[in-house]
There are 2 protein chains.
Amino acid sequence: MGKLERHATIADVAALAGVSVGTASKALNGRGSLREETRMRVREAARQLSFEANAGARSLHSGRTYTVGMITTDTIGRFSIPVLMGAEDALGAGEMSVFLCDGRDDPIREQYYVKTLLSRRVDGVIVTGRRTEARAPIGANLPVPVVYAFISSADPGDCSVVPDEAGGARKAVEHLLAVGRTRIAHITGPEHHNSARVRAAAAGERLTEDGLSLVAPPLFGGWSEVWGRQAVGILLAGRTEFDAVFCGSDQIARGVCDALRAAGRRVPQDVALIGFDNWDVMTEACQPPLTSIDLNLEGLGRSAAEMLLAAINGSPSPGRHAHPCRLVVRESTTVPLP
Amino acid sequence: MGKLERHATIADVAALAGVSVGTASKALNGRGSLREETRMRVREAARQLSFEANAGARSLHSGRTYTVGMITTDTIGRFSIPVLMGAEDALGAGEMSVFLCDGRDDPIREQYYVKTLLSRRVDGVIVTGRRTEARAPIGANLPVPVVYAFISSADPGDCSVVPDEAGGARKAVEHLLAVGRTRIAHITGPEHHNSARVRAAAAGERLTEDGLSLVAPPLFGGWSEVWGRQAVGILLAGRTEFDAVFCGSDQIARGVCDALRAAGRRVPQDVALIGFDNWDVMTEACQPPLTSIDLNLEGLGRSAAEMLLAAINGSPSPGRHAHPCRLVVRESTTVPLP
DNA sequence: GGAAACTAGGAAAACGATTGCCGTCACGGT
DNA sequence: ACCGTGACGGCAATCGTTTTCCTAGTTTCC
């Protein structure tokens with residue numbers, strides 16, 4: 001089998017085995033009634049020619065291609081990847097292959113991809129990516145099921161799977177309460193970002209349930225370490241007492257941690273610190289290692305893929321589905337044993 | 001066009017336009033000789049039915065699928081993504097769709113993917129991922145061209161596109177020399193990692209060309225911030241004078257930066273600092289922002305894809321191709337203007 | 001006015017695989 | 001001897017498109 005060799009067709013196999021194409025097909029797929037000897041002969045021929053059935057030709061018949069398209073809204077990033085991998089994993093288990101399409105936040109490019117995918121007769125489409133808000137559907141009345149993962153569709157009838165950020169924020173607060181902190185500050189991303197608002201609101205609500213409140217209004221800024229450092233400055237200047245900080249991202253938390261240390265406050269003894277995203281790069285490099293809320297994106301991707309598979313098989317799950325977050329405790333909220 | 005609607009076929013279009021299928025095909029593809037009026041009629045019918053030619057059926061004829069497979073050796077990570085995106089971009093421009101396959105470092109899984117891709121009759125395959133050394137080829141005598149990107153194939157006859165790490169290391173040293181530093185230390189990743197060895201060796205060689213040498217043997221460790229911090233301890237304990245540190249990764253550099261500051265050394269006034277990878281998360285959060293060597297992975301991916309396209313069209317480029325790195329200067333090597 | 005030269009579009013054969021339907025054989029029962 | 005019945009495999013239709021070959025018409029030119 002040299003580099004220039006053509007792919008073997010079932011006709012080649014049939015010829016080598018001395019049977020008709022139809023018989024060869026039946027032999028390889030375990031259909032029809034054939035003598036065991038014949039079956040073996042055909043299988044052996046197929047092996048010799050390293051025959052692999054042409055999936056395209058096959059799907060011409062079955063009407064299914066066993067492929068799905070995955071469109072990322074914005075450029076593929078830290079958040080899309082786990083989603084993508086989870087989905088790929090779940091789909092692979094279902095014998096599905098994935099077409100990757102990087103939309104790069106360009107609606108034209110995206111529409112081009114949608115057309116391409118449809119012409120390739122994908123069985124379904126997953127849309128993912130990060131946005132500050134829900135996004136417009138990729139198309140109306142598409143002939144195949146679509147699932148939005150991580151991002152959510154502006155059409156509430158579409159199937160979207162999103163992290164339960166409010167639940168995550170509640171878990172964060174509950175953990176801080178559980179380790180005995182009551183004077184909690186919240187530093188987070190830009191207010192125009194839906195995630196920042198939702199998390200802040202949920203944190204506030206959870207405290208209210210215990211008759212408490214944030215020691216100061218949420219500090220909205222950016223998602224970066226730089227902002228985390230600045231925010232600590234603001235907090236300290238305000239002279240508000242606080243024994244814990246809940247941060248909207250691990251990067252913010254890391255900045256906060258560095259700034260607190262520089263200001264002489266110990267983490268976690270003086271101030272307990274909790275992040276959001278559970279991004280290993282940050283949680284591990286932080287001194288001390290950072291407690292955080294894991295969005296469980298890989299699970300989310302998997303779950304989205306499973307919903308897509310279900311929809312392809314005729315059982316769609318319309319609507320918005322919240323995927324639970326998970327608390328991961330590290331030393332930034334627990335005093336290490338001496 | 002409702003959700004349950006079948007895809008329109010060219011027969012539907014032909015019927016609506018009142019012509020034969022053959023004619024419809026010619027009209028849509030600009031073949032044959034047809035009256036302009038007929039062409040328009042067919043096009044209009046296609047538009048009404050939102051007809052998109054079935055790519056699978058089409059490729060049955062042409063023998064080409066206009067798809068390529070992309071296999072990532074290890075789990076998709078920070079390094080694979082830009083490569084992947086660059087490739088996707090270049091391929092998209094060539095009207096090719098990409099099958100994404102996440103090998104997860106599992107040879108069985110990988111072989112399964114290779115088979116799947118071949119049965120889908122991809123026109124070519126790109127293999128990417130990170131490894132400490134060159135990897136075994138994904139298969140011998142495959143019927144389609146294969147290009148290895150970022151990672152390289154152990155078979156020197158295979159087409160591999162890899163970053164010119166030695167060149168990058170030389171650029172780093174040259175930059176340090178250019179800003180007047182001569183007492184350079186090198187802190188890098190594990191010695192069993194090919195990248196670490198290559199970069200260290202190239203740095204040493206470049207210094208030798210100027211009659212200099214590293215102030216101490218390269219410090220091999222991990223790629224992490226934690227190691228960077230530790231290494232500074234070792235360096236300071238050794239009482240060797242140094243006015244610059246070239247780090248094998250941005251994470252190491254960041255750790256070094258934090259540790260130096262904690263030890264009272266100013267960056268860049270006392271010690272100039274340069275990283276490797278140009279990872280925005282690190283370079284931007286570092287205080288001061290970090291000068292680094294950019295592997296130019298997106299360009300590398302693009303370039304790999306272009307070589308694959310060329311190979312598909314009959315002009316393969318066998319062998320190992322080094323893709324140049326780029327120096328990105330920030331404040332960690334330049335004293336900011338007062 | 002008749003042959004040559006076009007033009008427009010239809011019919012049918014690929015492409016590779018699957019599958020329903022049939023024909024043929026061998027065998028057993030009456 | 002004849003019929004019924006399985007077992008085994010071949011034939012041909014089918015999926016959706018492209019493309020090659022052909023057949024009517026219509027011009028054109030001598």
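Every chain is numbered from 1 and lettered A, B, ... according to where its sequence line falls, protein lines coming before strand lines.
- In this structure, B:G18 and B:L60 both approach DNA chain C, and ranking their closest nucleotides by distance from the 5' end singles out B:G18.
- Following rounding to the nearest Å, A:I10 (CD1) and C:dT19 (P) show an atom-to-atom distance of 11 Å.
- Following rounding to the nearest Å, B:R39 (CZ) and C:dG9 (C1') show an atom-to-atom distance of 11 Å.
- When rounded to the nearest whole Å, the span between CG of A:L28 and P of C:dT19 equals 12 Å.
- Going from atom NE2 of A:H61 over to atom C1' of D:dT17 covers 15 Å, rounded to whole Å.
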What's the verdict on side-chain hydrogen bond (donor to acceptor under 3.5 Å, both in side chains) for A:R120 and A:T67, showing C-alpha distance, side-chain angles and the deciding distance? CA-CA 9 Å; A:R120 293 202 185 275; A:T67 58; over 6 Å; no
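- B:T116 contributes a side-chain N or O that, together with a main-chain N or O of B:Y112, makes up a donor-acceptor pair within less than 3.5 Å.
- The nearest whole Å value for the distance from the CG atom in A:N54 to the C1' atom in D:dG16 is 14 Å.
- The residue among B:R41 and B:R121 whose nearest nucleotide of DNA chain C is located toward the 5' end is B:R41.
- The closest donor-acceptor contact from the side chain of A:D12 to the backbone of A:A8 lies at 3.5 Å or more, if one exists at all.
- Here D:dC8 is the nucleotide among C:dA17, D:dC8, D:dT19 with the atom lying nearest to any side-chain atom of A:R35.
- Among the heavy atoms of the strands lying under 4.0 Å from A:T38 are primed sugar atoms or P, OP1, OP2 only; no base atom is included.
- Note: CG (B:N29) to C1' (D:dG16) measures 13 Å, nearest angstrom.
- One can place NZ of A:K26 at 9 Å from P of C:dG20, the figure rounded to the nearest angstrom.
- OP1 or OP2 of D:dG10 sits under 4.0 Å from a side-chain N or O of A:S20.
- Distance A:R58 CZ to C:dT19 P: 9 Å, rounded to the nearest Å.
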